[in-house]
Amino acid sequence: MNIESLPTYHQDEQLAQAEAGVEKLFKQRNDRWYPLEHIASPGGWINDPNGLCYYKGRYHVYYQLHPYGTKWGPMHWGHVSSENLVTWRHEPIAMAPSFEAERDGVFSGSAVISDDNKLVIYYTGHRWRNGIDEREGNLQEQCMAISEDGIHFEKKGVVIPCPDDRILHFRDPKVWKQGSEWRMVFGVSTPEHRGEIWMYHSNDMIHWEFDRPIYQHPDPDVFMLECPDMFPLGDKWVICYSAMGLKHTGFEARNHNNAGYVIGSWQAGGDFHQESDFHLWDRGHNFYAPQTFQAPDGRRLVFGWMSPFTEPIPMQDDSWCGQLTIPRVVSLAGDHLRTQPVHEFEQLKSNIQDFGSVNLAVNASQKLLSDVQTADIEMEIDLKRSQAERIGLEIHRTSNGDHTLVCYDDQLQGVVIDRHCNTYGDRGYRTAPLDTTDDTLKLHIIVDRNSVEVYINDGLEVMSSYSFPAEGPREIRLIAESGEGSAYINRISIAQLTTIWEGNDR
Ligand code: FRU
């Protein structure tokens, strides 16, 4: 790779200002909902996970960051790193806008390790066409930056300019190595406003050639596919994307924008052949822009952004906003992806309380724990014997009656996260439909100060939602609601989770 031929752009001043911005917000932060188990910025707004990789002995997670406020704004790259995927430390902000092509933001992108062991980042340089806002669209180009320690980046400018003036969205490069070649996919809104994923390839990481549109969304309402990703799993290839313009039907695609995948086959130089339906990655209220990467042991890992799409967004009053999901491992389950917490997450468990098997009369409730900040809950419900209509847990239950209900709902034939009893934040429910022939239902629930993540039947479905508890102690209660008879829980145990932050969270 002859990078000498490319210019270098310096950004020390912009980075120092951005650090000061985060520090200022950090000092004012209210911690009532600040996560102990999820990656977030010490202060300011975050969105998509970026540049996920394992480099020189550490995992690196970068993320879209607005360091000067708690709403989306000019994008930077924040950074955390970990030796073990369990505990994390905050690193200096990695990138700030510093040359003309990225004047209005350093947008999302990905990382690869070059043959000479450099960390190479491809990302989108973003400008507003009218210089102010999105009314006349974006001018976006794929850029490159290089690092030898994962901390300091030398920007190398634009490697793929936008080829057509009528293209208003052109962003989020995801790169991987295939044989001796480099491949890149990114999202495009065509002049006809169709959402497509374009593929490029390169031999030297600098000069990129257009291969083909590798995927076009079948729905003409879908005008952009953000943060596409493409990766092999078993003998298949997975294409995933975050769709703008997808309309909801029934339980599907209920969020403002929605992230999902299709599974198929592909060979370099050919077309992608889709073999599965579209599936959502996650059926909760808050999940978007996931990115995958390969761990050194070969596992395919994914982080998503818990996107707070709908107002009100109460954490914005606390000097920070937004978090990533916990790391998940992805595997194939037929025409579906299974996603589960990485096994390393187990190391955070402490004080496991085993409640054994519990029978609960209909319309009864039982307090399990009286004040919980973080919890890792494993339970199994006997669906065959149980006759109550809703069976599950009230989480974040406070003395004013607020709570988020995570339950099996026999009427909806699925798992539900129901936030209708909450004072803070968006309410409403989400449903993950179930295979109703199963005799039992396994739920693995990770509770943080501001959220629940629910893994259903070993990760065949996942639901991630914010949940902002009201004031006072936060109980966890088991409930059985309505129906012909009792609820039978085969087993339930709850562990506390120690924090992921090394030292402190700053
Ligand atoms: C997805 C997204 C990306 C873009 C980034 C900007 O949430 O809109 O398409 O690169 O966020 O912050």
Side-chain angles (χ1 to χ4, degrees), residues 18 39-41 44-52 61-79 93-97 101-111 121-128 133-134 137-145 158 160 162 167-175 184-190 195-198 215 217 222-229 240-246 253 255-260 281-282 285-292 302-310 313 321-325 464:
I39 291 168
S41 173
W45 159 281
I46 78 163
N47 49 289
D48 319 351
N50 289 160
L52 305 179
V61 171
Y62 306 86
Y63 51 81
Q64 290 282 281
L65 165 72
H66 180 215
Y68 302 115
T70 60
K71 295 193 166 142
W72 189 88
M75 280 292 129
H76 295 56
W77 277 34
H79 182 198
I93 296 169
M95 295 203 286
E102 52 173 36
R103 186 187 63 211
D104 297 319
V106 213
F107 272 19
S108 284
S110 59
I121 298 259
Y122 295 93
Y123 66 97
T124 300
H126 165 77
R127 275 175 286 176
W128 304 117
D133 58 28
E134 66 189 339
N138 313 306
L139 185 54
Q140 302 184 327
E141 308 185 280
Q142 313 323 336
C143 302
M144 181 182 185
V158 175
I160 306 183
C162 186
I167 291 178
L168 301 182
H169 302 269
F170 188 77
R171 60 173 175 272
D172 306 341
K174 178 76 198 300
V175 178
M184 179 191 289
V185 288
F186 54 83
V188 179
S189 186
T190 67
E196 290 190 352
I197 300 171
W198 287 11
Y215 185 83
H217 200 281
V222 172
F223 61 91
M224 174 60 185
L225 301 175
E226 296 187 293
C227 301
D229 198 344
C240 60
Y241 51 81
S242 293
M244 300 174 89
L246 189 63
N255 297 334
H256 177 63
N257 290 328
N258 295 275
W281 271 106
D282 184 297
H285 296 80
N286 306 106
F287 184 89
Y288 199 63
Q291 184 176 98
T292 75
V302 64
F303 284 83
W305 164 44
M306 288 192 63
S307 47
F309 278 132
T310 316
I313 305 172
C321 184
Q323 69 189 27
L324 306 184
T325 62
S464 306

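Ligands are counted one by one from 1 in listed order, and the atoms in each one are counted from 1 as well. Here, residue 1 is the first one in the sequence, and each next residue gets the next number. Just so it is clear, the structure is predicted and the values come from calculations on it, not from any experiment.
Near Ser108, the atoms of ligand 1 lying under 4.0 angstrom from a non-hydrogen atom of the residue are 5 (C), 10 (O). Atom numbering of ligand 1 starts at 1 in the shown order; those under 4.0 Å from a heavy atom of Asn47 are 5 (C), 6 (C), 7 (O), 11 (O), 12 (O). Close approach of ligand 1 to Trp305 is summarised as follows: ligand atoms under 4.0 Å from at least one heavy atom of the residue are 7 (O). Which parts of ligand 1 touch Phe107 is read off a 4.0 Å heavy-atom cut-off, strictly below it: atoms 4 (C), 6 (C), 10 (O). Using a 4.0 Å cut-off to heavy atoms of Arg171, the atoms of ligand 1 that qualify are 3 (C), 4 (C), 9 (O), 10 (O). Under a 4.0 Å criterion applied to the non-hydrogen atoms of Met75, ligand 1 contributes the atoms 12 (O).
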Margin query: Test side-chain contact (heavy atoms from CB on, under 4.5 Å) on Thr325 and Phe287; report intermediate values, then the result.
Written below: CA-CA 8 Å; Thr325 62; Phe287 184 89; 3.7 Å; yes
Note to self: The test is side-chain contact (heavy atoms from CB on, under 4.5 Å); show your working for Arg171 and Glu226 and say whether it passes.
What the structure shows: CA-CA 7 Å; Arg171 60 173 175 272; Glu226 296 187 293; 2.8 Å; yes
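What sits closest to atom 6 (C) of ligand 1 on the protein, heavy atoms only, is Gln64 OE1, 3.2 Å. Scanning all protein heavy atoms for the shortest distance to atom 10 (O) of ligand 1 gives Asp172 OD1, 2.6 Å. Ranking the protein heavy atoms by distance from atom 8 (O) of ligand 1 puts Glu226 OE2, 2.5 Å first.
Using a 4.0 Å cut-off between charged nitrogen and carboxylate oxygen, Asp104 and Arg127 do not count as a salt-bridge pair.
Relative orientation of the Phe186 and Phe170 rings is perpendicular, given thresholds of 30° and 60° on the angle between their planes. Aromatic ring orientation, Trp77 versus Tyr123: perpendicular (interplanar angle above 60°, classes split at 30° and 60°).
Of the candidates Leu65, Thr124, Asn50, Asp48, it is Asp48 that places a heavy atom closest to atom 7 (O) of ligand 1.
Within the model, atoms CG of Leu225 and OH of Tyr215 stand 7.0 Å from one another, a figure rounded to the nearest 0.5 Å.
In summary, the side chains of Asn50 and Ser108 do present a donor paired with an acceptor at a separation below 3.5 Å, with no hydrogens or angles considered.
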